There are 2 protein chains.
Amino acid sequence: MTNPTEPTGYRAIKAEVLTRMRNGVWSPGMSLPGEVDLAEEFATTRTTVNRALRELAEEGYLERKRKAGTKVLKMPRRQARFAIPQIQQEIEDTGADYRYARVSRTEEDAPGWLSSKLSLPQTARVIHVRAMHYANGQPHQFEDRWIVTASVPEAAAETFVDQGPSAWLVDTVPLTTAEISFSATRVTSEVAEFLEVAPGDPAFLFERTTWLDADAVTYVRLYHREGYRMTTRY
Amino acid sequence: MTNPTEPTGYRAIKAEVLTRMRNGVWSPGMSLPGEVDLAEEFATTRTTVNRALRELAEEGYLERKRKAGTKVLKMPRRQARFAIPQIQQEIEDTGADYRYARVSRTEEDAPGWLSSKLSLPQTARVIHVRAMHYANGQPHQFEDRWIVTASVPEAAAETFVDQGPSAWLVDTVPLTTAEISFSATRVTSEVAEFLEVAPGDPAFLFERTTWLDADAVTYVRLYHREGYRMTTRY
DNA sequence: TAGTGGTCTAGACCACCCC
DNA sequence: GGGTGGTCTAGACCACTAA
(Lines give C-alpha, C1' and ligand atoms only; values in the text may rest on other atoms or scores of the structure.)
Protein backbone atom coordinates (compact mmCIF):
# COMPACT_ATOMS: atom_id res chain seq x y z
CA MET A 1 0.00 0.00 0.00
CA THR A 2 1.19 3.48 -0.75
CA ASN A 3 0.69 6.67 1.17
CA PRO A 4 -3.04 7.29 1.49
CA THR A 5 -2.59 10.89 0.37
CA GLU A 6 -0.49 9.82 -2.61
CA PRO A 7 -0.92 12.61 -5.13
CA THR A 8 -2.32 11.94 -8.55
CA GLY A 9 -2.53 13.96 -11.72
CA TYR A 10 -0.41 17.05 -12.12
CA ARG A 11 0.71 16.88 -8.50
CA ALA A 12 2.05 13.40 -8.99
CA ILE A 13 3.97 14.58 -12.02
CA LYS A 14 5.47 17.49 -10.13
CA ALA A 15 6.59 15.15 -7.38
CA GLU A 16 8.01 12.66 -9.84
CA VAL A 17 9.95 15.33 -11.70
CA LEU A 18 11.43 16.60 -8.44
CA THR A 19 12.35 13.05 -7.47
CA ARG A 20 14.13 12.50 -10.75
CA MET A 21 16.02 15.75 -10.29
CA ARG A 22 17.08 14.64 -6.81
CA ASN A 23 18.18 11.26 -8.10
CA GLY A 24 20.20 12.82 -10.87
CA VAL A 25 18.07 11.35 -13.63
CA TRP A 26 17.66 14.93 -14.78
CA SER A 27 20.61 16.89 -13.52
CA PRO A 28 21.19 20.64 -13.60
CA GLY A 29 21.46 22.06 -17.09
CA MET A 30 19.88 19.02 -18.68
CA SER A 31 16.87 19.15 -20.96
CA LEU A 32 13.71 17.27 -20.07
CA PRO A 33 11.78 15.39 -22.72
CA GLY A 34 9.12 17.39 -24.51
CA GLU A 35 5.63 17.65 -23.12
CA VAL A 36 4.26 15.22 -25.66
CA ASP A 37 6.72 12.51 -24.67
CA LEU A 38 6.12 13.05 -20.97
CA ALA A 39 2.38 12.93 -21.49
CA GLU A 40 2.78 9.58 -23.13
CA GLU A 41 5.08 8.28 -20.41
CA PHE A 42 2.74 9.33 -17.63
CA ALA A 43 -0.28 8.13 -19.57
CA THR A 44 -1.96 11.50 -19.47
CA THR A 45 -2.49 14.49 -21.71
CA ARG A 46 -0.18 17.31 -22.55
CA THR A 47 -2.43 19.71 -20.66
CA THR A 48 -1.71 17.97 -17.39
CA VAL A 49 2.01 17.72 -18.01
CA ASN A 50 2.00 21.36 -18.98
CA ARG A 51 0.47 22.42 -15.70
CA ALA A 52 3.00 20.43 -13.70
CA LEU A 53 6.00 21.83 -15.57
CA ARG A 54 4.61 25.35 -15.63
CA GLU A 55 4.24 25.37 -11.87
CA LEU A 56 7.70 23.95 -11.33
CA ALA A 57 9.07 26.69 -13.54
CA GLU A 58 7.15 29.30 -11.56
CA GLU A 59 8.59 27.89 -8.38
CA GLY A 60 12.06 28.36 -9.76
CA TYR A 61 13.18 24.82 -10.52
CA LEU A 62 12.91 24.76 -14.29
CA GLU A 63 13.42 27.08 -17.20
CA ARG A 64 11.07 26.80 -20.12
CA LYS A 65 11.46 28.30 -23.57
CA ARG A 66 9.58 27.67 -26.75
CA LYS A 67 11.58 25.66 -29.19
CA ALA A 68 14.43 25.28 -26.68
CA GLY A 69 12.43 23.04 -24.39
CA THR A 70 12.46 22.61 -20.61
CA LYS A 71 15.76 22.62 -18.72
CA VAL A 72 16.72 22.00 -15.11
CA LEU A 73 18.13 25.24 -13.75
CA LYS A 74 21.74 25.04 -12.61
CA MET A 75 21.12 27.42 -9.77
CA PRO A 76 17.51 27.10 -8.76
CA ARG A 77 16.04 30.61 -8.70
CA ARG A 78 14.01 29.71 -5.63
CA GLN A 79 12.06 32.49 -4.11
CA ALA A 80 10.65 33.04 -0.69
CA ARG A 81 7.20 34.45 -0.22
CA PHE A 82 6.45 36.80 2.63
CA ALA A 83 2.99 37.59 3.72
CA ILE A 84 2.75 41.34 4.01
CA PRO A 85 2.37 41.82 7.73
CA GLN A 86 -0.80 43.36 9.11
CA ILE A 87 0.47 44.73 12.37
CA GLN A 88 -2.64 44.22 14.47
CA GLN A 89 -3.21 40.69 13.29
CA GLU A 90 0.48 39.86 13.55
CA ILE A 91 0.47 40.86 17.18
CA GLU A 92 -2.83 39.29 18.11
CA ASP A 93 -1.78 36.05 16.43
CA THR A 94 0.92 35.72 19.05
CA GLY A 95 -1.74 35.97 21.73
CA ALA A 96 -0.56 39.43 22.76
CA ASP A 97 -2.71 42.47 23.28
CA TYR A 98 -2.56 45.09 20.55
CA ARG A 99 -2.73 48.81 21.18
CA TYR A 100 -2.45 51.71 18.78
CA ALA A 101 -1.61 55.31 19.56
CA ARG A 102 -1.33 58.19 17.17
CA VAL A 103 1.65 60.38 17.91
CA SER A 104 1.07 63.24 15.53
CA ARG A 105 -0.70 64.26 12.34
CA THR A 106 0.26 67.27 10.27
CA GLU A 107 -0.49 68.50 6.81
CA GLU A 108 2.44 70.00 5.01
CA ASP A 109 4.20 70.58 1.72
CA ALA A 110 6.01 67.47 0.62
CA PRO A 111 9.68 67.75 1.60
CA GLY A 112 12.10 67.66 -1.28
CA TRP A 113 13.43 64.18 -0.64
CA LEU A 114 9.88 62.81 -0.63
CA SER A 115 8.80 64.62 -3.80
CA SER A 116 11.86 63.25 -5.45
CA LYS A 117 11.35 59.72 -4.18
CA LEU A 118 7.69 59.61 -5.18
CA SER A 119 7.94 61.75 -8.33
CA LEU A 120 5.52 64.29 -6.91
CA PRO A 121 4.88 67.69 -8.46
CA GLN A 122 6.63 70.65 -6.82
CA THR A 123 3.55 71.81 -4.98
CA ALA A 124 2.36 68.49 -3.60
CA ARG A 125 0.73 68.40 -0.19
CA VAL A 126 1.13 65.44 2.10
CA ILE A 127 -0.24 64.26 5.41
CA HIS A 128 2.46 63.22 7.80
CA VAL A 129 1.35 60.74 10.44
CA ARG A 130 3.45 59.27 13.20
CA ALA A 131 2.12 56.48 15.36
CA MET A 132 3.05 53.75 17.79
CA HIS A 133 1.98 50.14 17.90
CA TYR A 134 2.23 48.25 21.18
CA ALA A 135 2.15 44.54 22.00
CA ASN A 136 1.13 43.82 25.57
CA GLY A 137 1.99 47.39 26.41
CA GLN A 138 5.52 47.04 25.06
CA PRO A 139 6.65 49.24 22.18
CA HIS A 140 6.58 47.11 19.08
CA GLN A 141 6.66 49.37 16.07
CA PHE A 142 7.10 53.05 15.34
CA GLU A 143 5.37 54.20 12.18
CA ASP A 144 6.46 57.25 10.22
CA ARG A 145 4.16 57.78 7.27
CA TRP A 146 3.48 60.27 4.51
CA ILE A 147 0.24 60.14 2.53
CA VAL A 148 -0.08 61.98 -0.77
CA THR A 149 -3.23 64.05 -0.40
CA ALA A 150 -3.86 64.30 -4.11
CA SER A 151 -3.90 60.51 -4.47
CA VAL A 152 -6.11 59.87 -1.44
CA PRO A 153 -8.26 62.93 -0.86
CA GLU A 154 -10.36 61.06 1.70
CA ALA A 155 -7.34 61.15 4.00
CA ALA A 156 -7.92 64.85 4.64
CA ALA A 157 -10.94 63.96 6.76
CA GLU A 158 -9.14 61.27 8.72
CA THR A 159 -7.60 61.97 12.08
CA PHE A 160 -6.01 58.52 12.48
CA VAL A 161 -6.66 58.71 16.18
CA ASP A 162 -8.63 55.50 16.45
CA GLN A 163 -7.45 53.60 13.40
CA GLY A 164 -3.91 53.33 12.15
CA PRO A 165 -3.16 54.65 8.70
CA SER A 166 -2.10 51.21 7.46
CA ALA A 167 -5.42 49.61 8.21
CA TRP A 168 -7.29 52.63 6.91
CA LEU A 169 -5.35 52.65 3.65
CA VAL A 170 -5.90 48.94 3.07
CA ASP A 171 -9.63 49.53 3.32
CA THR A 172 -9.62 52.71 1.28
CA VAL A 173 -7.10 51.94 -1.45
CA PRO A 174 -6.87 48.19 -1.46
CA LEU A 175 -5.49 47.45 -4.91
CA THR A 176 -2.06 48.94 -5.06
CA THR A 177 1.40 47.94 -6.11
CA ALA A 178 4.29 48.46 -3.77
CA GLU A 179 8.00 48.36 -3.32
CA ILE A 180 9.26 47.20 0.04
CA SER A 181 12.68 46.98 1.51
CA PHE A 182 14.28 45.72 4.69
CA SER A 183 17.36 47.04 6.32
CA ALA A 184 19.10 47.56 9.62
CA THR A 185 19.49 51.08 10.88
CA ARG A 186 20.31 53.10 13.97
CA VAL A 187 17.39 54.67 15.74
CA THR A 188 17.45 58.42 16.05
CA SER A 189 17.05 59.86 19.50
CA GLU A 190 13.43 60.68 18.76
CA VAL A 191 12.48 57.21 17.58
CA ALA A 192 14.49 55.77 20.45
CA GLU A 193 12.20 57.44 22.95
CA PHE A 194 9.12 55.90 21.46
CA LEU A 195 10.65 52.44 21.11
CA GLU A 196 12.13 52.81 24.59
CA VAL A 197 15.63 51.94 23.53
CA ALA A 198 18.88 53.88 23.58
CA PRO A 199 19.66 56.29 20.73
CA GLY A 200 21.92 54.62 18.20
CA ASP A 201 20.62 51.16 18.99
CA PRO A 202 19.96 48.90 16.04
CA ALA A 203 16.46 48.78 14.63
CA PHE A 204 14.89 46.70 11.94
CA LEU A 205 13.49 49.04 9.31
CA PHE A 206 10.72 48.06 6.95
CA GLU A 207 9.99 50.61 4.21
CA ARG A 208 7.15 50.54 1.76
CA THR A 209 6.23 52.81 -1.12
CA THR A 210 2.75 52.27 -2.48
CA TRP A 211 1.39 53.19 -5.89
CA LEU A 212 -2.07 53.23 -7.38
CA ASP A 213 -1.41 52.82 -11.07
CA ALA A 214 1.11 55.57 -11.72
CA ASP A 215 0.34 57.74 -8.70
CA ALA A 216 2.28 57.45 -5.49
CA VAL A 217 -0.07 56.92 -2.58
CA THR A 218 2.08 56.66 0.50
CA TYR A 219 5.54 56.06 1.84
CA VAL A 220 6.08 54.55 5.25
CA ARG A 221 8.95 53.68 7.53
CA LEU A 222 8.27 51.06 10.17
CA TYR A 223 10.88 50.76 12.89
CA HIS A 224 11.09 47.65 15.04
CA ARG A 225 13.17 47.02 18.10
CA GLU A 226 16.21 44.83 17.92
CA GLY A 227 15.07 41.23 18.19
CA TYR A 228 12.19 41.58 15.78
CA ARG A 229 12.32 38.97 13.04
CA MET A 230 10.66 38.36 9.75
CA THR A 231 10.57 34.67 9.00
CA THR A 232 9.35 32.46 6.24
CA ARG A 233 9.75 29.01 4.77
CA TYR A 234 10.11 28.12 1.15
CA MET B 1 -7.16 51.82 -31.15
CA THR B 2 -6.32 50.04 -27.98
CA ASN B 3 -2.99 49.31 -26.46
CA PRO B 4 -1.00 47.14 -28.86
CA THR B 5 -0.09 44.78 -26.02
CA GLU B 6 -3.72 44.50 -24.94
CA PRO B 7 -3.94 41.16 -23.19
CA THR B 8 -6.33 38.52 -24.38
CA GLY B 9 -7.57 35.28 -22.93
CA TYR B 10 -7.01 34.52 -19.28
CA ARG B 11 -4.81 37.57 -18.87
CA ALA B 12 -7.58 39.81 -20.11
CA ILE B 13 -9.94 38.23 -17.63
CA LYS B 14 -7.51 38.76 -14.76
CA ALA B 15 -7.16 42.40 -15.72
CA GLU B 16 -10.90 42.85 -16.07
CA VAL B 17 -11.58 41.28 -12.69
CA LEU B 18 -9.02 43.56 -11.05
CA THR B 19 -10.57 46.56 -12.80
CA ARG B 20 -14.00 45.66 -11.51
CA MET B 21 -12.61 45.28 -8.02
CA ARG B 22 -11.00 48.71 -8.27
CA ASN B 23 -14.23 50.23 -9.54
CA GLY B 24 -16.23 48.71 -6.76
CA VAL B 25 -18.28 46.51 -9.05
CA TRP B 26 -17.05 43.64 -6.91
CA SER B 27 -16.17 45.05 -3.53
CA PRO B 28 -14.42 43.33 -0.63
CA GLY B 29 -16.37 40.44 0.84
CA MET B 30 -18.61 40.15 -2.19
CA SER B 31 -19.07 36.94 -4.15
CA LEU B 32 -18.24 36.81 -7.81
CA PRO B 33 -20.51 35.03 -10.26
CA GLY B 34 -19.75 31.36 -10.78
CA GLU B 35 -17.22 30.26 -13.33
CA VAL B 36 -19.93 29.11 -15.71
CA ASP B 37 -21.58 32.52 -15.75
CA LEU B 38 -18.31 34.34 -16.19
CA ALA B 39 -17.33 32.03 -19.01
CA GLU B 40 -20.53 32.93 -20.78
CA GLU B 41 -20.06 36.65 -20.16
CA PHE B 42 -16.51 36.65 -21.48
CA ALA B 43 -17.47 34.37 -24.34
CA THR B 44 -14.94 31.77 -23.39
CA THR B 45 -14.79 28.43 -21.62
CA ARG B 46 -14.78 27.64 -17.96
CA THR B 47 -11.20 26.39 -18.24
CA THR B 48 -9.98 29.85 -19.16
CA VAL B 49 -12.00 31.59 -16.47
CA ASN B 50 -10.74 29.04 -13.99
CA ARG B 51 -7.13 29.81 -14.74
CA ALA B 52 -7.67 33.53 -14.34
CA LEU B 53 -9.45 33.19 -11.02
CA ARG B 54 -7.07 30.54 -9.74
CA GLU B 55 -4.10 32.80 -10.36
CA LEU B 56 -5.79 35.78 -8.74
CA ALA B 57 -6.47 33.63 -5.72
CA GLU B 58 -2.84 32.52 -5.62
CA GLU B 59 -1.78 36.15 -5.79
CA GLY B 60 -3.87 36.85 -2.75
CA TYR B 61 -6.80 38.83 -4.16
CA LEU B 62 -9.54 36.23 -4.04
CA GLU B 63 -10.66 33.38 -1.87
CA ARG B 64 -12.12 30.34 -3.54
CA LYS B 65 -14.02 27.50 -1.97
CA ARG B 66 -16.04 24.72 -3.46
CA LYS B 67 -19.71 25.30 -3.10
CA ALA B 68 -19.12 28.65 -1.43
CA GLY B 69 -17.84 30.26 -4.61
CA THR B 70 -15.27 32.98 -5.21
CA LYS B 71 -15.10 35.99 -2.89
CA VAL B 72 -13.11 39.20 -2.91
CA LEU B 73 -10.86 39.18 0.13
CA LYS B 74 -11.49 42.00 2.59
CA MET B 75 -7.85 42.33 3.38
CA PRO B 76 -5.89 41.20 0.39
CA ARG B 77 -3.38 38.62 1.59
CA ARG B 78 -0.82 40.00 -0.80
CA GLN B 79 2.59 38.49 -0.61
CA ALA B 80 5.96 39.69 -1.67
CA ARG B 81 8.36 37.37 -3.38
CA PHE B 82 12.06 37.65 -2.74
CA ALA B 83 14.60 36.03 -4.93
CA ILE B 84 17.02 34.18 -2.68
CA PRO B 85 20.20 36.15 -3.13
CA GLN B 86 23.26 34.50 -4.63
CA ILE B 87 25.98 36.63 -3.20
CA GLN B 88 28.43 36.55 -6.10
CA GLN B 89 25.79 37.26 -8.69
CA GLU B 90 24.18 39.92 -6.53
CA ILE B 91 27.46 41.78 -6.30
CA GLU B 92 28.48 41.36 -9.90
CA ASP B 93 25.05 42.51 -11.03
CA THR B 94 25.84 45.90 -9.56
CA GLY B 95 28.96 46.05 -11.67
CA ALA B 96 31.21 45.59 -8.67
CA ASP B 97 34.07 43.17 -8.35
CA TYR B 98 33.43 40.11 -6.19
CA ARG B 99 36.02 38.53 -3.96
CA TYR B 100 35.72 35.61 -1.57
CA ALA B 101 37.99 34.73 1.32
CA ARG B 102 37.71 31.84 3.71
CA VAL B 103 38.39 32.85 7.27
CA SER B 104 38.40 29.49 9.00
CA ARG B 105 37.24 25.91 8.73
CA THR B 106 37.01 23.53 11.66
CA GLU B 107 35.38 20.21 12.29
CA GLU B 108 33.77 19.92 15.70
CA ASP B 109 30.99 18.43 17.77
CA ALA B 110 27.79 20.31 17.21
CA PRO B 111 27.33 22.83 20.01
CA GLY B 112 24.23 22.34 22.11
CA TRP B 113 22.29 25.28 20.73
CA LEU B 114 22.84 24.01 17.20
CA SER B 115 21.87 20.43 17.95
CA SER B 116 18.76 21.75 19.53
CA LYS B 117 17.94 24.12 16.68
CA LEU B 118 18.49 21.49 14.01
CA SER B 119 17.21 18.46 15.95
CA LEU B 120 20.57 16.74 15.64
CA PRO B 121 21.54 13.61 17.57
CA GLN B 122 23.77 14.12 20.62
CA THR B 123 26.91 13.03 18.86
CA ALA B 124 26.55 15.00 15.66
CA ARG B 125 29.64 16.37 13.98
CA VAL B 126 29.57 19.62 12.06
CA ILE B 127 31.89 21.63 9.88
CA HIS B 128 32.12 25.22 10.94
CA VAL B 129 33.11 27.62 8.18
CA ARG B 130 33.59 31.34 8.46
CA ALA B 131 34.15 33.44 5.38
CA MET B 132 34.11 36.96 3.99
CA HIS B 133 32.58 38.30 0.81
CA TYR B 134 33.88 41.55 -0.62
CA ALA B 135 32.48 43.95 -3.19
CA ASN B 136 35.13 46.09 -4.86
CA GLY B 137 37.42 45.27 -1.98
CA GLN B 138 34.92 46.53 0.59
CA PRO B 139 33.57 44.15 3.20
CA HIS B 140 30.09 43.17 2.13
CA GLN B 141 29.07 40.08 4.02
CA PHE B 142 30.40 37.95 6.85
CA GLU B 143 29.30 34.34 6.68
CA ASP B 144 29.13 32.09 9.72
CA ARG B 145 28.06 28.62 8.70
CA TRP B 146 27.62 25.15 10.15
CA ILE B 147 27.28 22.13 7.89
CA VAL B 148 25.95 18.85 9.23
CA THR B 149 28.54 16.28 8.19
CA ALA B 150 26.14 13.37 8.32
CA SER B 151 23.80 15.07 5.86
CA VAL B 152 26.52 16.15 3.43
CA PRO B 153 29.45 13.76 3.77
CA GLU B 154 31.09 15.25 0.67
CA ALA B 155 31.74 18.38 2.73
CA ALA B 156 34.47 16.55 4.64
CA ALA B 157 36.69 16.74 1.57
CA GLU B 158 36.00 20.40 0.90
CA THR B 159 38.33 23.11 2.12
CA PHE B 160 36.12 26.02 0.98
CA VAL B 161 39.24 27.98 0.18
CA ASP B 162 38.37 28.71 -3.42
CA GLN B 163 34.61 28.37 -3.42
CA GLY B 164 32.21 29.65 -0.80
CA PRO B 165 30.10 27.10 1.03
CA SER B 166 26.88 28.65 -0.28
CA ALA B 167 27.77 28.14 -3.89
CA TRP B 168 29.17 24.69 -3.16
CA LEU B 169 26.03 23.62 -1.33
CA VAL B 170 23.74 24.85 -4.09
CA ASP B 171 25.64 22.64 -6.51
CA THR B 172 25.87 19.68 -4.19
CA VAL B 173 22.48 19.66 -2.50
CA PRO B 174 20.30 21.71 -4.78
CA LEU B 175 16.81 20.60 -3.82
CA THR B 176 16.27 21.64 -0.26
CA THR B 177 13.64 23.38 1.76
CA ALA B 178 14.60 26.25 3.99
CA GLU B 179 13.53 28.65 6.65
CA ILE B 180 14.93 32.13 6.43
CA SER B 181 14.65 35.11 8.66
CA PHE B 182 15.73 38.73 8.66
CA SER B 183 16.54 40.82 11.64
CA ALA B 184 18.66 43.68 12.88
CA THR B 185 21.42 42.93 15.32
CA ARG B 186 24.53 44.36 16.89
CA VAL B 187 27.82 43.11 15.53
CA THR B 188 30.09 41.41 18.00
CA SER B 189 33.62 42.72 18.23
CA GLU B 190 34.85 39.82 16.16
CA VAL B 191 32.40 40.27 13.31
CA ALA B 192 33.00 44.02 13.52
CA GLU B 193 36.64 43.51 12.62
CA PHE B 194 35.80 41.63 9.49
CA LEU B 195 33.07 44.02 8.41
CA GLU B 196 35.33 46.94 9.35
CA VAL B 197 32.75 48.62 11.50
CA ALA B 198 32.66 49.46 15.18
CA PRO B 199 31.61 46.79 17.68
CA GLY B 200 27.96 47.23 18.58
CA ASP B 201 27.11 48.83 15.24
CA PRO B 202 23.89 47.68 13.61
CA ALA B 203 24.05 44.87 11.10
CA PHE B 204 21.46 43.31 8.89
CA LEU B 205 21.33 39.62 9.69
CA PHE B 206 20.03 37.03 7.26
CA GLU B 207 19.67 33.52 8.71
CA ARG B 208 18.83 30.37 6.85
CA THR B 209 18.28 26.82 7.98
CA THR B 210 18.26 24.28 5.19
CA TRP B 211 16.72 20.81 5.16
CA LEU B 212 16.91 17.91 2.78
CA ASP B 213 13.67 16.08 3.42
CA ALA B 214 13.78 15.61 7.20
CA ASP B 215 17.53 16.05 7.69
CA ALA B 216 19.05 19.38 8.58
CA VAL B 217 21.80 20.25 6.15
CA THR B 218 23.16 23.60 7.21
CA TYR B 219 22.55 26.71 9.25
CA VAL B 220 24.07 30.01 8.26
CA ARG B 221 24.23 33.55 9.56
CA LEU B 222 25.00 36.24 7.03
CA TYR B 223 25.91 39.62 8.46
CA HIS B 224 25.71 42.74 6.30
CA ARG B 225 26.88 46.23 7.09
CA GLU B 226 24.41 48.91 7.92
CA GLY B 227 23.05 50.30 4.69
CA TYR B 228 22.49 46.95 3.07
CA ARG B 229 18.93 46.57 1.79
CA MET B 230 16.75 43.80 0.55
CA THR B 231 14.18 45.16 -1.84
CA THR B 232 11.33 43.82 -3.87
CA ARG B 233 8.17 44.86 -5.68
CA TYR B 234 4.85 43.15 -5.58
C1' DT C 1 11.58 27.31 -40.67
C1' DA C 2 10.43 23.75 -37.82
C1' DG C 3 10.00 22.32 -33.09
C1' DT C 4 8.56 23.51 -28.62
C1' DG C 5 5.81 25.48 -25.17
C1' DG C 6 1.50 28.74 -24.52
C1' DT C 7 -3.08 28.80 -24.67
C1' DC C 8 -7.83 27.86 -25.82
C1' DT C 9 -12.09 24.83 -26.69
C1' DA C 10 -15.76 21.70 -25.34
C1' DG C 11 -16.90 18.50 -22.51
C1' DA C 12 -16.74 15.49 -18.48
C1' DC C 13 -16.38 13.50 -13.75
C1' DC C 14 -15.61 14.32 -9.11
C1' DA C 15 -14.57 16.14 -4.28
C1' DC C 16 -15.69 19.19 -1.18
C1' DC C 17 -18.50 21.59 1.82
C1' DC C 18 -22.17 25.20 2.58
C1' DC C 19 -27.09 25.28 2.91
C1' DG D 1 -28.20 17.13 -1.40
C1' DG D 2 -26.66 19.93 -4.67
C1' DG D 3 -23.87 23.71 -6.28
C1' DT D 4 -19.27 25.12 -6.80
C1' DG D 5 -14.58 24.86 -7.91
C1' DG D 6 -10.68 21.25 -9.02
C1' DT D 7 -9.04 18.66 -12.40
C1' DC D 8 -8.62 15.81 -16.45
C1' DT D 9 -9.29 14.53 -21.54
C1' DA D 10 -8.53 15.07 -26.48
C1' DG D 11 -7.72 17.98 -29.69
C1' DA D 12 -6.43 22.28 -31.97
C1' DC D 13 -4.11 26.60 -33.40
C1' DC D 14 -0.62 29.77 -32.50
C1' DA D 15 3.73 32.42 -30.92
C1' DC D 16 8.14 32.33 -30.18
C1' DT D 17 12.81 31.35 -31.06
C1' DA D 18 16.81 28.29 -31.60
C1' DA D 19 19.04 26.06 -35.11
Side-chain angles (χ1 to χ4, degrees), chain A residues 2-18 20-21 25-26 28-74 76-77, chain B residues 2-18 20-21 25-26 28-74 76-77:
Chain A
T2 57
N3 187 321
T5 60
E6 184 82 22
T8 58
Y10 80 97
R11 292 164 187 281
I13 297 178
K14 286 179 72 171
E16 176 61 20
V17 171
L18 284 173
R20 292 191 189 177
M21 289 196 283
V25 180
W26 295 325
M30 193 180 287
S31 277
L32 271 60
E35 294 186 348
V36 178
D37 293 338
L38 288 175
E40 190 182 351
E41 187 197 331
F42 291 121
T44 182
T45 58
R46 194 166 80 87
T47 312
T48 300
V49 171
N50 178 274
R51 177 159 182 192
L53 297 186
R54 175 161 38 86
E55 291 194 359
L56 286 172
E58 225 164 71
E59 290 162 25
Y61 294 104
L62 303 175
E63 186 186 25
R64 316 191 78 203
K65 267 191 223 159
R66 286 162 154 121
K67 167 73 175 177
T70 300
K71 289 187 175 57
V72 180
L73 281 175
K74 301 207 179 189
R77 297 178 293 95
Chain B
T2 56
N3 186 322
T5 60
E6 186 81 25
T8 58
Y10 80 97
R11 292 164 188 280
I13 296 178
K14 286 180 70 173
E16 176 61 21
V17 171
L18 284 174
R20 291 191 188 177
M21 289 197 283
V25 180
W26 294 327
M30 192 179 288
S31 277
L32 271 60
E35 294 187 347
V36 179
D37 293 338
L38 288 175
E40 190 180 352
E41 185 196 334
F42 292 121
T44 182
T45 57
R46 194 165 81 85
T47 311
T48 300
V49 171
N50 179 274
R51 177 159 183 193
L53 297 186
R54 175 161 38 86
E55 291 194 0
L56 286 171
E58 224 164 74
E59 289 163 24
Y61 295 104
L62 302 175
E63 186 185 25
R64 317 191 76 203
K65 267 190 223 159
R66 286 164 156 118
K67 168 72 177 177
T70 300
K71 289 187 173 58
V72 180
L73 282 175
K74 302 208 178 187
R77 298 180 293 94

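Remember, predicted model here, so these are calculated numbers, not experimental data. Lettering of chains follows the sequences in order, A, B, ..., and the numbering in each one begins at 1. Heavy-atom basis, side chains included; hydrogens, waters and symmetry copies ignored.
- Residues B:L32 and B:M21 form no side-chain contact, since every pair of their non-hydrogen atoms from C-beta on lies 4.5 Å or further apart.
- One can place CZ of A:R54 at 13 Å from P of C:dG5, the figure rounded to the nearest angstrom.
- Here C:dG3 presents its P atom at 16 Å from NZ of A:K71, a figure rounded to the nearest Å.
- With D:dC8, C:dC18, D:dA18 as the candidates, the nucleotide lying closest to the side chain of A:K67 is D:dA18.
- Dashed line: the shortest gap from a side-chain N or O of A:R51 to OP1 or OP2 of D:dT7 is under 4.0 Å.
- Note: NZ (B:K65) to C1' (D:dG3) measures 15 Å, nearest angstrom.
- Between the P atom of D:dG5 and the CD atom of B:E58 lies a distance of 17 Å, rounded to the nearest Å.
- At most 12 heavy atoms of other shown residues, nucleotides or ligands fall within 6.0 angstrom of atom CD in A:E40.
- Taking the side chain of A:E35 as heavy atoms from C-beta on, and the options C:dG5, C:dA15, C:dC8, the nearest nucleotide is C:dG5.
- With DNA chain D read from its 5' end, the first of the two nearest nucleotides for A:R66 and A:T48 is the one closest to A:T48.
- Between the CD atom of A:E40 and the P atom of D:dA10 there is a distance of 13 Å, given to the nearest Å.
- Expressed to the nearest 0.5 Å, how far OG1 of B:T48 lies from CZ of B:R46 amounts to 11.0 Å.
- OP1 or OP2 of D:dG6 has at least one side-chain nitrogen or oxygen of B:N50 nearer than 4.0 Å.
- The interatomic distance linking A:L62 (CG) with C:dG6 (C1') rounds to 16 Å, in whole Å.
- The side chain of B:T44 approaches C:dC8 more closely than any other nucleotide in the set C:dC8, D:dG2, C:dG5.
- Side chain A:R46 to base C:dG6: a donor-acceptor pair is found below 3.5 Å.
- A sub-4.0 Å separation between OP1 or OP2 of D:dT4 and a side-chain N or O of B:R64 is absent.
- Taking atom CZ on A:F42 and atom P on D:dT9, their separation rounds to 13 Å, with Å as the unit.
- Between B:R54 and B:E58, none of the side-chain N atoms (NZ, or NE/NH1/NH2) sits under 4.0 Å from a carboxylate O, so this pair counts as no salt bridge.
- OP1 and OP2 of D:dT7 both lie 4.0 Å or more from every side-chain N or O belonging to A:T47.
- Under 4.0 angstrom from either OP1 or OP2 of C:dC8 there lies no side-chain N or O belonging to B:Y10.
- Closest to the side chain of B:T45, out of C:dG5, C:dT7, C:dT9, is C:dT9.
- Going from atom CD of A:E63 over to atom C1' of D:dA18 covers 13 Å, rounded to whole Å.
- Side-chain contact between B:I13 and B:L38 is absent, with no heavy atoms from C-beta onward closer than 4.5 Å.
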